[in-house]
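Notes follow the structure.
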Number of protein chains: 2
Amino acid sequence: MGCVIIVNIRDIAKAAGVSVSTVSKALNGYSDVKSKTREMILNVAKDMDYLPNVMARGLITKKSNTIGIFFGDRQNSGFDNPFFSELIRSIKDVAGAEGYDILIFANQKRNTSSYKTICYEKGVDGVILILTGDQRTDENIRELHESLPTVYIDSVSYQYNNVNFVETENVNASFHAVEHLIQLGHTRILKMAGDQVAKASYDRIEGYKQALSKHGLEVNNDLILYGEFSREKAYQLTKRFFSKPGGVTAVFSSSDMMAFGIIDALKDLGFKVPEDIAVIGFDDIDESKDYQPPLTTVHQQRFTMGETAAKMLLQLIDSQDGITRHATIPARLVIRESSGTKRGG
Amino acid sequence: MGCVIIVNIRDIAKAAGVSVSTVSKALNGYSDVKSKTREMILNVAKDMDYLPNVMARGLITKKSNTIGIFFGDRQNSGFDNPFFSELIRSIKDVAGAEGYDILIFANQKRNTSSYKTICYEKGVDGVILILTGDQRTDENIRELHESLPTVYIDSVSYQYNNVNFVETENVNASFHAVEHLIQLGHTRILKMAGDQVAKASYDRIEGYKQALSKHGLEVNNDLILYGEFSREKAYQLTKRFFSKPGGVTAVFSSSDMMAFGIIDALKDLGFKVPEDIAVIGFDDIDESKDYQPPLTTVHQQRFTMGETAAKMLLQLIDSQDGITRHATIPARLVIRESSGTKRGG
DNA sequence: CCACATTTCTAAAACGTTTTCGATAATTTT
DNA sequence: AAAATTATCGAAAACGTTTTAGAAATGTGG
């Protein structure tokens, strides 16, 4: 490594012929420094390529201009799901525009699993959580959002009344997806759900049930499978389910990845999609439009979700007003080919 | 925000009845502290829920246990390309296993565009660059890798002899892709290249030329287009190129995204792929296998690349030995349908 | 029991900032 | 011109660690 000369605030104070405190004030826009000397100091600083040391500054101000992101769990690091990459991109854009960088928590050598501890240790100003499954204890989760600005994206497990979160309009969107299937003439519809703990997952089942009820169809728990948001798991469950006859003609999946697994399985069993079985997914990830058949699915506005979460977090950091914020992002059904056309008789 | 009591090293020194320095040494595994007192201190620290302040520590040690990642450029934040999300995932896994977190540089409010400056400001221990196009000046790039452990992934623009990088076996893989087209009977093959500055992009053209030469085919610069790795741009160029006859029966693209744009354009022009025109891509992103027609493409081992880069960087950080490291990751041609079958006479 | 080596501990400096408070200089008021 | 006010600056403390240099305690050999 070639050596690099790093100048500190003392060096530029010396060069400018003023005190360290005056330099600091000039740099941070304090009012008690003459505009002429401020300009002079700024010039010297620029000439000498001065960079404030973020550690020293953070030590005093307790701010790092960094927001943290927790992704998924240990085994499945979250980036597996293409859903996440657009989320993080929008977070990056919003936070970046406001002068923040992004820290992704990765270190697995910590001697703690406390979110609060980890956040404090790294000195992030706030944190966004994008969790899947049931990877946190209640104590852990409460501790975090009680001590630090926190926003959950589509992943609150139990609803505290003081948790900030962004979610998709899950119930409504699922309702419409299932209603569409019903209008196409389906009466026995399988629900491939995610899990039973996440609010998002629960709500997608809820919308399914509401649509059935509204149209006088029976809700049958045998028609609800739990694919854990895994393509592989959905494949297995589908293969087992459809290997015996049951009169089911349509499937509503809680994610596109699972929908792919479902369709793969149906094809392997000799069914045609959508002629024999109609399938609707959830997410509208990039692959879905190019899939064969192109997937009918619920479009989640990932960019808007990330954007909203980031803005929400920056607000929380700025104001510290203790107000709890929620946002529900609209979703719409994108009708492609996998849901098929109206059934004859 | 509920208040959280944060204890510092002084508090636990008082509670343990020893000096601050002894606590520090006990915590950091120094040898000059009796094992009995060390144990006692560790217990007190755990009981009091002590967390070291990373700012204060970093101020002295100049380490942050964080590696930085620069992604793409300002406009196109990098996550657009699905190629990147797998890269970052593997980096996260490797770095995380070794006790590092990941900082993604996002802040656009900085008053500098110097990589070195930005890295120093955040105190990262090393940095991985995944750049596209020509978004850095030579001065900027040199300054960075001279002052900080740095690994480039498939994105060195000019070859310094002291730059660490990981790249795909671009020349070789491209050679085989084009040779495959030649063996299928194609003689006029269009090259949709990326740009002319990145080494990766250059090498993919080089492999194309080598294959032509080996089989006695003429290299014609009119058959090399520059799609800048953009699906849209590739679409435009393809549409213009194929609107006049030229006897071209195959296209070799430097990315899958561009290949999609190419195929879209060909379809719009009324060509059939692969019957009329064969197309081969590069990257093997997830969409490619589900695309219609499934894309023949060069599979880049993204996971291996990210993994290798991360390991390389951690080595550089650890050893500081000044040794320059390179890694070339094998790639293989994945033959699907878009390249078609052997041409009849 | 003394001289010396070794083990174990501590005081204090250092890291590079920000911020408080008081000092000085400049300006205004009386 | 003196007094009061205001604008501008600087000294020093503080942030929470690590590390150096040395002091105290303990052990060892004669």
Side-chain angles (χ1 to χ4, degrees), chain A residues 3-42 44-45 48-66 117 119-125, chain B residues 4-42 44-45 48-66 110-111 117-125:
Chain A
C3 57
V4 188
I5 296 144
I6 299 293
V7 309
N8 60 24
I9 203 174
R10 205 158 23 225
D11 296 327
I12 83 160
K14 203 170 296 173
V18 294
S19 78
V20 166
S21 30
T22 306
V23 174
S24 174
K25 286 174 181 173
L27 258 33
N28 293 319
Y30 276 59
S31 62
D32 62 343
V33 43
K34 197 161 41 172
S35 61
K36 195 173 290 183
T37 53
R38 154 173 299 119
E39 247 175 78
M40 184 267 284
I41 291 174
L42 257 42
V44 173
M48 297 181 68
D49 239 341
Y50 168 74
L51 328 164
N53 179 310
V54 77
M55 303 281 186
R57 171 181 285 170
L59 184 54
I60 296 203
T61 62
K62 311 220 171 293
K63 279 214 47 168
S64 63
N65 274 348
T66 304
T117 302
C119 287
Y120 177 77
E121 189 189 340
K122 282 291 187 172
V124 298
D125 302 330
Chain B
V4 188
I5 296 145
I6 300 292
V7 309
N8 61 23
I9 202 174
R10 204 159 22 224
D11 296 328
I12 83 162
K14 202 170 296 172
V18 295
S19 79
V20 167
S21 28
T22 306
V23 174
S24 175
K25 286 176 178 173
L27 257 33
N28 293 318
Y30 276 59
S31 62
D32 62 343
V33 41
K34 196 161 42 173
S35 61
K36 194 173 291 182
T37 52
R38 153 172 301 117
E39 245 175 79
M40 183 265 285
I41 291 175
L42 257 42
V44 173
M48 297 181 69
D49 238 340
Y50 168 75
L51 328 164
N53 179 312
V54 78
M55 303 282 187
R57 171 182 285 169
L59 183 55
I60 296 204
T61 62
K62 313 224 170 290
K63 280 213 47 167
S64 63
N65 273 348
T66 305
R110 306 181 197 277
N111 52 0
T117 302
I118 295 173
C119 287
Y120 177 76
E121 189 189 341
K122 282 292 187 170
V124 298
D125 301 331

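Convention: sequence-line order gives letters A, B, ...; per-chain numbering from 1. Worth saying up front: this structure is predicted, and the values here are computed from it rather than measured.
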Segment of DNA chain C, first to last nucleotide, that comes within the 4.0 Å heavy-atom reach of chain B | C:dT8 to C:dG16
Remember a base hit wins even if backbone is also touched, and classify [X] as base, sugar-phosphate or nothing at under 4.0 Å, heavy atoms.
X     : answer
A:I41 : nothing
A:L27 : nothing
A:K25 : base
A:V18 : sugar-phosphate
A:D32 : base

The answer to which of B:T22 and A:S35 contacts DNA chain D further toward the 5' end, by nearest nucleotide, is A:S35
Separation of D:dA13 atom C1' from A:I60 atom CD1, nearest Å, is 9 Å
Between D:dT18 atom P and B:K62 atom NZ, what is the distance in whole Å?
-> 14 Å
Out of curiosity, A:M55 CE to A:S64 OG, how far, rounded to the nearest 0.5 Å?
-> 10.5 Å
With heavy-atom distances below 4.5 Å as the criterion, would you say the side chains of [X] and [Y] are in contact?
X     : Y     : answer
B:T22 : B:I41 : yes
A:L51 : A:V7  : no
B:N53 : B:N8  : no

Is B:Y30 near enough to D:dT19 that one of its side-chain N or O atoms lies under 4.0 angstrom from OP1 or OP2?
-> yes
Can you find a side chain N or O atom of B:S24 that sits less than 4.0 Å from OP1 or OP2 on D:dT18?
-> yes
Which nucleotide in the list D:dC9, D:dA11, D:dT18 gets nearest to the side chain of B:I9?
-> D:dT18
Is the backbone of A:K63 close enough, under 3.5 Å, to the side chain of A:R57 for a donor and an acceptor to pair up by distance?
-> no
Between the side chains of B:K122 and A:T66, is a donor N or O closer than 3.5 angstrom to an acceptor N or O?
-> yes
B:Y50/B:V23 under side-chain contact (heavy atoms from CB on, under 4.5 Å): CA gap, chis, key distance, verdict = CA-CA 11 Å; B:Y50 168 75; B:V23 174; 6.0 Å; no
